[in-house]
> 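Quick one: the structure is below, and I'll ask about it shortly.
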There are 2 protein chains.
Amino acid sequence: MDEQPRASQTVRTLLQLRELILNGELSPGERVSELGIVERLGVSRTPVRVALVRLEEEGLVDCLPTGGFVVRAFSEADIADAIQLRGVLEGMAAQRAAERRLSRDELRGLRDVVGSLDALVRQRDLTIDDFSDYIRLNDQFHGLLLQLADSPVLKRSMERVLSLPFASPGAFVRVQAELPESREILVIAQEHHRAILDAIENGEGSRADHLAREHSRLARRNLDISVKNQRQLDRVPGASLIRLRSA
Amino acid sequence: MDEQPRASQTVRTLLQLRELILNGELSPGERVSELGIVERLGVSRTPVRVALVRLEEEGLVDCLPTGGFVVRAFSEADIADAIQLRGVLEGMAAQRAAERRLSRDELRGLRDVVGSLDALVRQRDLTIDDFSDYIRLNDQFHGLLLQLADSPVLKRSMERVLSLPFASPGAFVRVQAELPESREILVIAQEHHRAILDAIENGEGSRADHLAREHSRLARRNLDISVKNQRQLDRVPGASLIRLRSA
DNA sequence: GATCGGGAAAATGTATACATTGCTCAACGG
DNA sequence: CCGTTGAGCAATGTATACATTTTCCCGATC
């Protein structure tokens, strides 16, 4: 990965530790030993401790009552809830954006992204790169939506939900790419994007809200599909943190 | 305040530092010096540092790019957004509770609280103690609602929003108590509580959602009233963190 | 054989010393 | 007189030593 020699030990430790957890090098339920991390990352206990506190607030590790931390495990229900919650928050963002009666100028960014997505989805055969582009543009769409809501409080809350990697808008796109009906799902998702933009342009707050919520149900559907196939589930970011009942 | 000699230094420091900020002994925009806190609380820098990191995640202090922390200030818009966000999250909780088709048994707690609130609101003249009881029962109602939603992810998200003290359900009740129409507002709020319970009992998810959102608008209305009167605003918990444009 | 207890090892909680960075203020030069 | 620069200082970032707690293992006992 890209080194950040300028960054402080604390920041580097946080990033590296987060990656260790997300890449599954630390298993769910496993105690995260401070000394162990110290040896692995070559920093002192102090930055490790700060990073662990931050990761606990993020929800990636849990605080043991006796002291210390363990890597958190997430059930299918947890992921479904996180996706639903993201949908609700994006609904609030879309509704606020719609009710602010934004000017053409303010909406240009969102229109451009929707336009780019249109061009992408219109293609017949989609390559792996196309899906990467889709994920990037999709993330941009959701980011712009949040920005247009103009609410730091909402932004902060959303950022916390998205710190669970499988709750992010693009989390299940790579799974979806493997499905025979993958292009159809993209067409539907893009129709949602267009409709949300239309609702915002016309000041239709409630419609924007409901569309954003419905949009998140696509991710939920992809989750349901993934659960039936471990290989697909492994394509999801942070897959190692997922613990299914059956497993 | 109540001492907790059993708790660790870290926990005590977190609680005490949070109180210092909420009571206004540290002003918004003021830099929180580690050494200063060390002297004030008589602990070493380590627990202070951990407490500051946690308070930063809570949103009560901001991280300076250059290092260190400052007490955060909240605008009227921030508070309004936090109240709206709470309404949206409570809407999701109510909807989930409704769609789970809870048994009579599971709903007993909520019914009891609504019953107690009914008895309280039915009174002619309300004393200060009555308002305290109302706040307690009201908090119970909102807590039970969250519990019935059965979603740890949602619970965590809500807890973070409520860490902004003026976003809590009871934050503006003391303000409202001073208004001539205070009892009428209580009657309306209680009608909301009854209706939310009814919607949950009947599995009407969308109705429960909309009612919970509408319910939070009462807090928003009380905020608008408070903003016009500094003395009333001072009754709100964490009042010292509020910075109005005019001031 | 299982359970309880004790003790050693290892982990975290806490304090503090050291390093480094950013800030203040004064003095100098333009 | 103002701007700039440098040194000193104060604050945070980092490392580590010490204290306390927890855990785990082993042996003794029932």
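Just so it is clear, the model here is predicted, and its values are computed rather than measured. Reminder, nothing fancy here: chain letters follow the sequence lines and each chain counts from 1. Just so it is clear, the values below take in all heavy atoms, side chains as well, and ignore hydrogens, waters and symmetry mates.
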> Are B:Arg160 and B:Glu58 within salt-bridge range, i.e. N to O under 4.0 Å?
no
> Would A:Glu25 and A:Arg40 pass as an ion pair if we require N to O under 4.0 Å?
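So A:Glu25 pairs with A:Arg40 through a salt bridge.
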> From CD of A:Glu56 over to C1' of C:dT12, roughly how many Å is that when rounded to an integer?
15 Å
> According to a strict under-4.0 Å criterion, is A:Thr66 in side-chain N/O contact with OP1 or OP2 of D:dT21?
no
> Go nucleotide by nucleotide along DNA chain C from the 5' end; which of B:Ser44 and B:Arg31 gets its closest nucleotide reached first?
B:Ser44
> Calculate the interatomic distance between B:Leu41 atom CG and C:dA15 atom C1'; express it in whole Å.
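Rounded to the whole Å, the gap is 15 Å.
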> Is there a donor on the side chain of A:Thr46 or the base of D:dA15 sitting less than 3.5 Å from an acceptor on the other?
yes
> D:dA15, OP1 or OP2 - any side-chain N/O from A:Gln9 closer than 4.0 Å?
yes
> B:Val50 near the nucleic acid: base, sugar-phosphate alone, or nothing, with a heavy-atom cut-off under 4.0 Å?
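Nothing: the residue B:Val50, judged by heavy atoms under 4.0 Å, touches no strand.
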> How many whole angstroms separate atom CG of A:Leu64 from atom P of D:dT21?
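The answer, rounded to whole Å, is 17 Å.
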> Can you tell me the distance, in whole Å, between the CZ atom of A:Arg45 and the P atom of D:dC18?
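From A:Arg45 CZ to D:dC18 P: 14 Å.
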> Could you tell me whether the side chain of B:Ser27 and the main chain of B:Glu30 form a donor-acceptor pair under 3.5 Å?
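Not confirmed, B:Ser27 side chain does not pair with B:Glu30 backbone.
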> Taking the basic N atoms (NZ, or NE/NH1/NH2) and the acidic carboxylate oxygens, is any pair closer than 4.0 Å for B:Asp112 and B:Arg108?
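Looking at B:Arg108 together with B:Asp112, the answer is no, because their closest N to O distance does not fall below 4.0 Å.
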> Looking at A:Val71 and A:Val61, what are the two nearest heavy atoms and their distance?
CA-CG1, 4.3 Å
> Tell me what B:Val38 touches on the nucleic acid: a base, only sugar-phosphate, or nothing, going by heavy atoms under 4.0 Å.
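Contact class for B:Val38: none.
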> What is the distance, rounded to the nearest whole Å, between atom CG of B:Leu52 and atom C1' of D:dT12?
11 Å
> Can you tell me the distance, in whole Å, between the CG atom of A:Leu35 and the P atom of D:dT16?
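One finds 12 Å between P of D:dT16 and CG of A:Leu35, rounded.
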> Reckon A:Thr10 has a side-chain N or O less than 4.0 Å from the OP1 or OP2 of D:dT14?
yes
> May I have the distance from B:Glu34 (atom CD) to C:dT21 (atom C1'), rounded to whole angstrom?
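It is 14 Å, rounded to the nearest whole Å.
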